[in-house]
Structure formats: C-alpha cells, structure tokens
Amino acid sequence: MAEKRFIQTCGFNMETEKHQRMMKMGKKVRDDGIAGIDIQALVSYYGPEVCFNGKITIEDVELTCNYFEQIPAECVEGVYFYMLTAGECYFSSEENIMDFLYADIWGTNYVDAGIEVMTEEYIKADMAERFGEKEVYLSEEFGPGYFGMPVIETKKFFKIMDGGLINVKVKDSGLMIPQKTCAGLYIVLNSPDIKAEPECTRCHGNAAGCQFCAIRAKLNEVKQ
C-alpha cells in the first residue's frame with residue numbers, strides 16, 4: 001500500500017524508463033531505511049456522552065473544533081481517538097537531497113497506509129461488533145491542523161492517550177516525535193448526511209465559529 005502511494009505521490013509513470021530508474025532509486029532509499037519503519041497505533045473508544053455543546057470533553061480535557069458546531073448531538077453515537085506512528089525511514093546521506101526527499105515521502109506514505117489499515121481493519125470491525133445491525137457511519141478525520149483545530153491541541157491527545165506506549169513524544173509546540181506520527185479522531189454518526197465541505201478540511205478556523213464563516217455563507221448561497 002505504501003509503495004502504491006509512493007508512486008502516486010511522486011507522479012511516476014511506471015511505463016517510462018526514466019520513472020522506472022527513479023523508482024529504483026526510491027526503492028533503494030526505502031530498503032536502506034526500512035529498519036526505522038515501525039508502525040504502531042493506539043485506539044480508544046468513548047460513548048456519545050463526551051460530545052456536547054460543540055465540544056468533546058473527556059475528564060478534564062476539552063477539545064474544540066469549529067466544525068463540531070455543525071454536528072447535532074443526537075446524531076453522535078461515539079468517538080474513536082487514535083494515535084499512529086510509522087517511526088522514521090532512515091537515510092544515509094544528508095548531502096543527497098533526493099535521498100532525503102524519498103525518505104520523507106516513504107515515511108508519510110507509511111503513515112497514510114497505516115491509518116487506512118487501522119481504520120478499515122480495526123475501527124470499522126470494532127464498529128460492526130459494537131453496534132451490530134444498527135446503521136452507523138464514520139465522520140471525516142478530525143485532528144490538529146484540520147477543520148480549524150489548532151496544532152497545539154496535539155498535547156491534549158497525549159492526555160487522552162499515552163503516546164509513550166508507542167514511543168511517541170510531544171513538544172511544547174505540539175510537534176510530535178517521531179515526525180511521521182499523527183493523532184486524530186473519528187465521530188461515529190447515525191446519519192449519512194453529515195458531511196463536511198471540502199473547503200472546511202484545511203480550515204484555519206474562525207474565532208467566531210462556523211456560523212460566521214465566509215466560505216460556509218457562500219456555499220449556502222450556491223445551494224439556495
């Protein structure tokens with residue numbers, strides 16, 4: 001899965017000789033640094049009671065995200081928190097910029113592949129067992145840096161989940177170490193109609209909330 005993502009990220013056309021040579025270089029970087037790739041994850045489930053007033057609150061930890069305002073509390077069935085790391089794809093020479101670039105791309109794609117496996121093979125399987133025949137749906141991924149949630153909120157995820165269990169640390173800035181690490185959450189919904197607009201995904205946030213968002217107002221005008 002990571003290899004397919006690597007080819008897509010690099011924009012390789014594997015039918016051309018040039019891109020075949022470049023892929024061979026990329027594979028060598030991966031093979032040289034694969035010992036540093038160690039995918040580990042933590043997943044925690046919480047019931048719908050943690051969601052109210054447009055916030056998610058677990059004990060003394062309160063997570064805010066503008067888009068939470070758009071999710072009716074009665075549509076929430078639960079929340080899955082996760083933290084996943086791929087470790088690092090080591091590279092031998094800092095002088096070779098292509099080695100650095102390829103190693104970085106490999107690391108990112110192992111994270112993305114890991115999240116896909118975690119979501120499809122664990123979280124959705126757990127949902128099926130937990131909710132039985134009840135129709136439930138996973139929301140988009142929410143997390144630091146997405147939907148207006150500040151990156152510094154990463155520190156709150158460490159209060160909810162012990163990142164040390166998967167050898168992850170967080171700096172005061174919210175940056176996680178190893179860098180190829182991510183944290184986020186899915187909301188389990190009982191309605192398939194609650195979807196975020198694409199423009200909301202990378203939202204930088206509006207202190208006044210979603211109801212004052214210019215993008216949202218424009219989208220509503222188009223719909224009307």
Side-chain angles (χ1 to χ4, degrees), residues 5 9 39-48 50-71 75-87 104 107-124 126-127 136-189 194-207 209-210 213 215:
R5 290 172 178 272
T9 302
I39 300 177
Q40 302 178 78
L42 298 172
V43 179
S44 295
Y45 172 82
Y46 292 88
V50 302
C51 298
F52 55 93
N53 293 332
K55 301 175 182 178
I56 294 178
T57 305
I58 298 175
E59 296 182 355
D60 62 340
V61 180
E62 185 177 273
L63 282 169
T64 59
C65 172
N66 283 352
Y67 194 75
F68 289 167
E69 300 171 11
Q70 307 303 319
I71 303 176
C75 292
V76 177
E77 297 290 336
V79 181
Y80 284 98
F81 281 81
Y82 71 84
M83 186 178 297
L84 182 144
T85 182
D104 185 70
T108 298
N109 288 318
Y110 272 110
V111 169
D112 291 343
I115 290 176
E116 183 175 341
V117 171
M118 175 193 71
T119 303
E120 295 296 325
E121 298 187 12
Y122 179 80
I123 292 180
K124 288 187 178 180
D126 185 76
M127 281 175 56
V136 290
Y137 311 86
L138 274 185
S139 69
E140 289 86 356
E141 296 175 56
F142 294 96
Y146 298 90
F147 293 100
M149 184 183 292
V151 175
I152 194 70
E153 297 282 78
T154 301
K155 297 171 70 175
K156 293 183 179 179
F157 281 79
F158 273 75
K159 291 184 178 180
I160 296 170
M161 295 178 288
D162 182 3
L165 293 173
I166 55 174
N167 303 312
V168 173
K169 299 178 181 179
V170 62
K171 293 187 174 182
D172 290 339
S173 63
L175 178 67
M176 292 183 285
I177 304 297
Q179 292 187 18
K180 298 306 178 183
T181 302
C182 63
L185 63 89
Y186 290 105
I187 298 176
V188 183
L189 303 166
I194 302 174
K195 299 288 185 182
E197 300 292 345
E199 291 86 348
C200 297
T201 306
R202 296 278 182 177
C203 173
H204 292 295
N206 182 326
C210 287
C213 174
I215 292 176

Asker: Run the side chain to side chain contact (heavy atoms under 4.5 Å, CB included) check on Phe158 and Met83 step by step: do they pass?
Answerer: CA-CA 9 Å; Phe158 273 75; Met83 186 178 297; 3.7 Å; yes

Asker: Quick check for you: to the nearest 0.5 Å, what is the distance between Ser139 atom OG and Leu185 atom CG?
Answerer: 7.0 Å

Asker: Which residue pairs pass the salt bridge (Lys or Arg N to Asp or Glu O under 4.0 Å) test when at least one of the two sits in residues 159-187, sequence neighbours left out?
Answerer: Asp104-Lys180

Asker: Below 4.5 Å, heavy atoms only, C-beta onward: do Phe52 and Thr57 meet side chain to side chain?
Answerer: yes

Asker: Sorted by first residue and then second, give each ring-ring contact (aromatic ring centres under 6.0 Å, His included) pair with at least one member in residues 164-185; sequence neighbours left out.
Answerer: none

Asker: Sequence neighbours left out, what passes salt bridge (Lys or Arg N to Asp or Glu O under 4.0 Å) with Lys156? Give chain and number order.
Answerer: Glu153

Asker: With rounding to the nearest 0.5 Å, note down the distance linking CD in Glu140 to CG in Leu189.
Answerer: 8.5 Å

Asker: How long is the gap from CG on Leu42 to CD1 on Ile160, to the nearest 0.5 Å?
Answerer: 12.0 Å

Asker: Is any side-chain heavy atom of Phe81 closer than 4.5 Å to a side-chain heavy atom of Ile58?
Answerer: yes

Asker: Relative to each other, are the rings of Tyr67 and Phe142 parallel, tilted or perpendicular (30° and 60° limits)?
Answerer: parallel

Asker: Determine the minimum heavy-atom distance between Val111 and Ala86, stating which atoms define it.
Answerer: CG2-CB, 3.6 Å

Asker: Mind checking what makes side-chain contact (heavy atoms from CB on, under 4.5 Å) contact with Cys51, not counting sequence neighbours?
Answerer: Ile56, Val76, Val79

Asker: State, to 0.1 Å, how close Met149 and Cys65 come at their nearest heavy-atom pair, and which atoms those are.
Answerer: CE-CB, 3.9 Å

Asker: Which pairs, with at least one residue in residues 111-120 and sequence neighbours excluded, count as a salt bridge (Lys or Arg N to Asp or Glu O under 4.0 Å)?
Answerer: Arg5-Glu116, Glu120-Lys124

Asker: Which atoms form the tightest heavy-atom contact between Pro178 and Gly87, and what is the distance?
Answerer: CB-O, 3.7 Å

Asker: Distance from Cys182 atom SG to Met176 atom CE, nearest 0.5 Å?
Answerer: 6.5 Å

Asker: For Glu59, give me all partners under salt bridge (Lys or Arg N to Asp or Glu O under 4.0 Å), at least two apart in sequence or on another chain.
Answerer: none

Asker: What residues form a ring-ring contact (aromatic ring centres under 6.0 Å, His included) with Tyr186, not counting sequence neighbours?
Answerer: Tyr82

Asker: Which residues pass the ring-ring contact (aromatic ring centres under 6.0 Å, His included) test with Tyr137, sequence neighbours left out?
Answerer: none

Asker: Under the side-chain contact (heavy atoms from CB on, under 4.5 Å) test, which residues partner Tyr45, sequence neighbours left out?
Answerer: Tyr80, Arg130, Phe131

Asker: Quick test of your reading: applying ring-ring contact (aromatic ring centres under 6.0 Å, His included), list the pairs with at least one residue in residues 164-185, sequence neighbours left out, ordered by first then second residue.
Answerer: none

Asker: Could you tell me whether the side chain of Thr181 and the main chain of Ile177 form a donor-acceptor pair under 3.5 Å?
Answerer: no

Asker: Going by side-chain contact (heavy atoms from CB on, under 4.5 Å), name the residues that satisfy it together with Gln40, two or more places apart in sequence or in a different chain.
Answerer: Asp38, Thr85, Ile166, Asn167

Asker: So, using salt bridge (Lys or Arg N to Asp or Glu O under 4.0 Å) as the criterion, who are the partners of Glu141 when residues are at least two apart?
Answerer: none

Asker: Would you compute the distance between atom OG of Ser173 and atom NZ of Lys155 and round it to the nearest 0.5 angstrom?
Answerer: 8.5 Å

Asker: Find out whether Leu175 and Val170 are in side-chain contact, i.e. whether some heavy atom of one side chain is under 4.5 Å from a heavy atom of the other.
Answerer: no

Asker: Which atom names give the shortest non-hydrogen contact between Phe157 and Gly184, and what distance separates them?
Answerer: CE2-O, 3.3 Å

Asker: Which atom pair, heavy atoms only, marks the closest approach of Leu84 to Ala41?
Answerer: CD1-CB, 3.9 Å

Asker: Nearest 0.5 Å, please: how far is CD1 in Ile194 from CD1 in Ile71?
Answerer: 6.5 Å

Asker: Identify the heavy atoms of Gly174 and Ile152 that sit nearest to each other, and give their distance.
Answerer: N-CD1, 4.0 Å

